[in-house]
There are 2 protein chains.
Amino acid sequence: MARNPQTGRDGDGGDRDGARTPGPAAPQDPERAHSAREIAAAWERERPGTPVSSIGIVTPIWQLAKLFGDDRRRVLARAGVDTATLDLLSVLRRSGPPYALSTRELGRRSLVTAGAVSQRVARAEQEGLVTREAAGGRPRTVLVTLTPAGHDLVEATVDQVLHREADLVAGLTPEQQAGLTELLHVLLTDVQSRVGDDRLSQVGGE
Amino acid sequence: MARNPQTGRDGDGGDRDGARTPGPAAPQDPERAHSAREIAAAWERERPGTPVSSIGIVTPIWQLAKLFGDDRRRVLARAGVDTATLDLLSVLRRSGPPYALSTRELGRRSLVTAGAVSQRVARAEQEGLVTREAAGGRPRTVLVTLTPAGHDLVEATVDQVLHREADLVAGLTPEQQAGLTELLHVLLTDVQSRVGDDRLSQVGGE
DNA sequence: AGGTCTAAATTTAGCCCTAAACGGATCTGA
DNA sequence: TCAGATCCGTTTAGGGCTAAATTTAGACCT
């Protein structure tokens, strides 16, 4: 999911560009997507009154998620794993011995639908990274357990991924990182409480 | 894109299977995904020394991107559009009259591959939202132009989407929103300059 | 007991994306 | 002028996800 920058607006009114020289006359960096600032400015210019207030937050979050996701995918491709599988294995690994969770619990911790979990588990089982078995717990519970091969795969890749990501955010000072972490935490907590509240998704919004 | 919370850390090296209680790992709200803090703590507990420093930033960014993306998809489903199509139309709309851009330019502004742009345009063309024609400009350039129907669709949905997203971030004070916007901008700029730098994606990183 | 309800997992249909192979046109240089 | 290098856009193969339909097994009633 995560899809694109922001639904909206792009640069100035005139740089149609169809052909032209990509060079010096271009608005910004001709090789890069527009920034949230440029998108909001374009909205204002094209449609005065457009509610652009959220763009400065939502757009960079999507762009960053895309960059982090693509980067992780490339890092993991070298190890022959995909991000969805590593995510599954990591959740199990982090849960501690005996490295087993129900499908239900996996879904909750992975932010994907039950169907997606089912497919992830099936793929991982196919590759011998987890096992699946009925568990006596609740009615129809299935217990997914990490195999030694799955455990090894996590051990072999997690530090790589996390180290790489630490490098990617290293441009911020420790103070900036702390401030950003705090603000993101506050925003996430708040958004979680609002999403799913269907009253707000009506047109008139509040 | 955007996939999951955090690849997490996994635990120790040897104790496969231990045995029982999945217990102590379920610390918080049983209905919600784990927070970055809980994930980092689980790593520390299971594998002391894991480089968790980036988790406080990367994990909430993914979770937020997922929440925003899912929410937007649901809002747009009512209008019978998908997020990818609206993104395409919006880029054209905000480029201003004559609402036409080359495939190449569309790819740059959308953060997706050329193949994805081609497919998006084909779908939108199928629905009569854009037209596609050869343009004399560069060598093999194709010009994609918004139709009146496409223009109308943007007008009918963009405010809805942006208003909804403004509601979603309304829990932050104006000061917090400004601070977050600034930090995200700094981080994004920095990450863009680091991604693609292949030296960093080696294991040894940094 | 038997019928109905509900919860959990899976399956199915359809969408969208990436990576890589492909097709065609322009530029380059002998 | 012709071969090769390039550049753009499209097509193909395959992965991954969501939403909805389906299957199953206990739970609940009467």
### Task
Taking all non-hydrogen atoms of both residues into account, name the closest pair between Ser54(B) and Leu162(A) and its distance.
OG-O, 3.8 Å
### Query
Nearest to the side chain of Ser118(B) - dC17(D), dG9(D), dA9(C)?
dG9(D)
### Summary
Rounded to whole Å, CZ of Arg108(A) lies from C1' of dA9(C) at a distance of 14 Å
### Message
Taking 4.0 Å as the cut-off, does a side-chain nitrogen or oxygen of Lys66(A) come that near to OP1 or OP2 on dT18(C)?
### Response
yes
### Message
Expressed as a whole number of angstroms, how long is the span from Arg120(B):CZ to dT11(D):P?
### Response
17 Å
### Query
Is any side-chain N or O of Arg132(A) closer than 4.0 Å to OP1 or OP2 of dT10(C)?
yes
### Task
Calculate the interatomic distance between Leu76(B) atom CG and dT18(D) atom P; express it in whole Å.
17 Å
### Task
Give one of base, sugar-phosphate or nothing for Thr113(A), where a contact means two heavy atoms less than 4.0 Å apart.
base
### Query
Where the side chain of Thr147(A) meets the backbone of Leu129(A), is there a donor-acceptor pair that is under 3.5 Å apart?
yes
### Message
Counting only side-chain heavy atoms from C-beta out, which of dA13(C), dA9(C), dA13(D) sits nearest to Val142(A)?
### Response
dA9(C)
### Query
Could you give the CZ-to-P distance, from Arg123(B) to dT10(D), as a whole number of Å?
13 Å
### Summary
Of the listed dC16(C), dC17(D), dA9(C), the closest approach to the Ser102(A) side chain comes from dA9(C)
### Nucleotide of dC17(D), dT10(C), dT10(D) approaching Thr103(A) most closely (side-chain heavy atoms)
dT10(C)
### Task
Let me know the distance between CZ of Arg78(B) and P of dA19(D), rounded to the nearest Å.
13 Å
### Side-chain N,O (Arg73(B)) to OP1/OP2 (dC17(D)) below 4.0 Å
no
#### Entry: Salt-bridge contact Arg164(A)-Asp71(A) (side-chain N to carboxylate O under 4.0 Å)
yes
### Query
So, the side chain of Glu38(A) versus the backbone of Ser35(A): is there a donor-acceptor pair under 3.5 Å, distance only?
yes
### Task
Let me know the distance between CG of Asp87(A) and P of dG15(D), rounded to the nearest Å.
19 Å
### Message
I need the CG-C1' distance between Leu101(B) and dC8(D), as an integer number of Å.
### Response
16 Å
### Query
Expressed in angstrom and rounded to an integer, what is the separation of Gln126(B) atom CD from dC15(C) atom C1'?
14 Å
### Query
Of all the choices, dC17(C), dT10(C), dC8(D), which nucleotide is nearest to the side chain of Arg104(B) once you look at every atom?
dC8(D)
#### Entry: Interatomic spacing from CZ in Arg37(B) to CD1 in Ile39(B) - rounded to 0.5 Å
12.0 Å
